[in-house]
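Below is one structure, written out as structure tokens; comments come after it.
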Amino acid sequence: MENIFNKYLERTELNTFDLKVFEPSFVPSRMPHREKEMTLIADNFAKIFIGASPKNEIIYGKSGTGKTAVIKFLGRELKEISHGKKNVEFIYLNCQVKDNAYSVIESIGNAVKGEQIPFTGWSMDKVYTTARNNIDRWNGSIIVVLDEIDRFVIKNGDDLLYQIMLMNSELQNSSITIVGITNDLKFSEFLDPRVKSRLNEEKIVFTPYSSDDITDILNDRLKLANVSNFVTEGAVRLISTLASQENGDARKAIELMKTSIQLAISNNDNTVEERHVFIAKNKLEYDAVAETLKTLPLQTKVLVLSIALLKESGIAQASTGDVFDAYRNLASSAGIPILTPRRITDMLSDLDMLGIISAKVKSMGRYGRTKIIELSINSSETKKIILEDENLSKLKNYNYAKQAKLIF
DNA sequence: TGTCCACTGGAAGGGAGGGCTT
DNA sequence: AAGCCCTCCCTTCCAGTGGACA
């Protein structure tokens, strides 16, 4: 039998492809249509070299407008040019990963040489003091990038920003600059006036890319990946159009390009055409939802499942009460503890944020006030993915129709 | 016009699970 | 080993509320 890998090896042109330039972590050295923003930020950072400290900065812009890529690029350049000449640290933190004050201060304190701070266990006081002493002894300039800073502030308040600024004012030999990245234009409204005035930040807005901008970006990457001849113009145009319809998100466009190329390769097709793009788009959308569902905590899975069940039994728009009843039934059938309605309310808000459901508060007058909950994704696929969880094996043979009748 | 329903969402706190210090 | 401290997940308690209905 023919070796399954033969078809790949026979296609010698594939060996010259370099698809890693489509990875989200890839930072290009050329950023089309972001030259102006890049210069603004670079001018600010450059103050380090004349012994001044850069201003704090908040960068606004929708997702996929190049905020993170620009800042990472500048960070790389900054470290490279100051290497061996000046102590400069560039710390990039994503607040979804570093989502509490402890881990942010710990990361900053450990970025420079000094006493190692453990990732948990110490009191906040001790973490703060150790970090401050480390940084001051090190004698240099730190730029801390807090990506998705709005999420952090919503979750924990703005105390962290205050603490970092306080630390900066206590430093004798070093300085800390905060660069916040957010896609929420109203972000600074969340801040305490005390924090806001002290932050005294410079605002930079990244506007969404146009369809033509995205075409340029894609063509740039295609050249880098050495696949320009493999991708048709029509496919590039289609991806650009789709992306500009979705707030000019270049990240999504690049991901869609990668998936389209991979699809054409595995189909053994000679070029990437529009049809590949459409299939790739569906695949990406499905994968994203599936991944989110799979990583939900068990209780939340049961909650989503109960909403899917309601939808399948004809209740596409359910009240919180309906959902709670359905959830209670499912949870007891699954043999897991039943949580309180208050906890369910919070979980519903989280699911709303994730885009899995939409929940709108509605008053029914005499009949109270509730949230109208609607599943935003396909119910049968949702069911399938959630039931893959081994902890819910008892629900595999669950009689949905019977249960639905019981509830109503 | 006031009532009252079915919630919403804030506040406080408990306890488990992680880890450190002494 | 005992004593802290942190976060996460959850409960308990409760004041607040938009609007249909009497």
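Lettering of chains follows the sequences in order, A, B, ..., and the numbering in each one begins at 1.
- For the residue pair A:Ser25 / A:Glu23, no side-chain donor-acceptor distance below 3.5 Å is found, with atom types taken as modelled.
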Worksheet item: After noting the C-alpha distance and the side-chain angles of A:Lys371 and A:Ser349, does the key distance pass the side-chain hydrogen bond (donor to acceptor under 3.5 Å, both in side chains) rule?
Response: CA-CA 10 Å; A:Lys371 263 183 177 167; A:Ser349 303; 3.3 Å; yes
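- A close approach under 4.0 Å does occur between a side-chain nitrogen or oxygen of A:Lys371 and OP1 or OP2 of B:dG9.
- Remark: of the listed residues A:Ile142, A:Leu78, A:Asn87, A:Leu78 is the sole one forming a side-chain contact (heavy atoms from CB on, under 4.5 Å) with A:Ile48.
- Summarising the geometry, the separation between CZ on A:Arg366 and P on C:dA20 is reported as 12 Å, rounded to the nearest angstrom.
- By the 6.0 Å and 45° rule, A:Lys72 stacks over the aromatic ring of A:Tyr92.
- Between the CG atom of A:Asn110 and the C1' atom of B:dC20 there is a distance of 14 Å, rounded to whole Å.
- Close to B:dT8, at under 4.0 Å from its OP1 or OP2, lies a side-chain N or O of A:Thr320.
- The OH-C1' distance, from A:Tyr367 to B:dC7, rounds to 16 Å in whole Å.
- The side chain of A:Val361 lies closest to B:dG9 when the candidates are C:dA22, B:dG9, C:dG16.
- Distance from the side chain of A:Thr370 is smallest to B:dT8 among C:dC21, C:dG19, B:dT8.
- Salt-bridge formation is not detected for the pair A:Lys203/A:Glu57: no Lys NZ or Arg NE/NH1/NH2 atom is positioned less than 4.0 Å from an Asp or Glu carboxylate oxygen.
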Quick test: give all pairs of protein nitrogen or oxygen and nucleotides 6-11 of chain C nitrogen or oxygen below 3.5 Å, distance rounded to 0.1 Å.
unit_1, atom_1, unit_2, atom_2, d
C:dC6, OP1, A:Met124, N, 3.1
C:dC8, OP2, A:Lys155, NZ, 3.3
C:dC10, OP2, A:Arg343, NE, 3.0
C:dC10, OP2, A:Arg343, NH2, 3.2
C:dT11, OP1, A:Thr340, N, 3.3
C:dT11, OP2, A:Thr340, N, 3.0
C:dT11, OP2, A:Thr340, OG1, 2.7

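- Rounded to a whole Å, the CE atom of A:Met364 is 11 Å from the P atom of B:dT8.
- One interatomic measurement links the two molecules: CD1 of A:Ile372 to C1' of C:dG19, which rounds to 14 Å at whole-angstrom precision.
- The residue among A:Leu348 and A:Gly368 whose nearest nucleotide of DNA chain B is located toward the 5' end is A:Gly368.
- The side chain of A:Lys362 contributes no N or O atom lying less than 4.0 Å from OP1 or OP2 of B:dT8.
- Of the possible donor and acceptor atoms, none in the side chain of A:Thr177 sits under 3.5 Å from a partner among the backbone N and O of A:Ile143.
- Between A:Leu354 and A:Leu296, the closest side-chain pair of non-hydrogen atoms falls below 4.5 Å.
- One interatomic measurement links the two molecules: CZ of A:Arg369 to C1' of B:dC4, which rounds to 14 Å at whole-angstrom precision.
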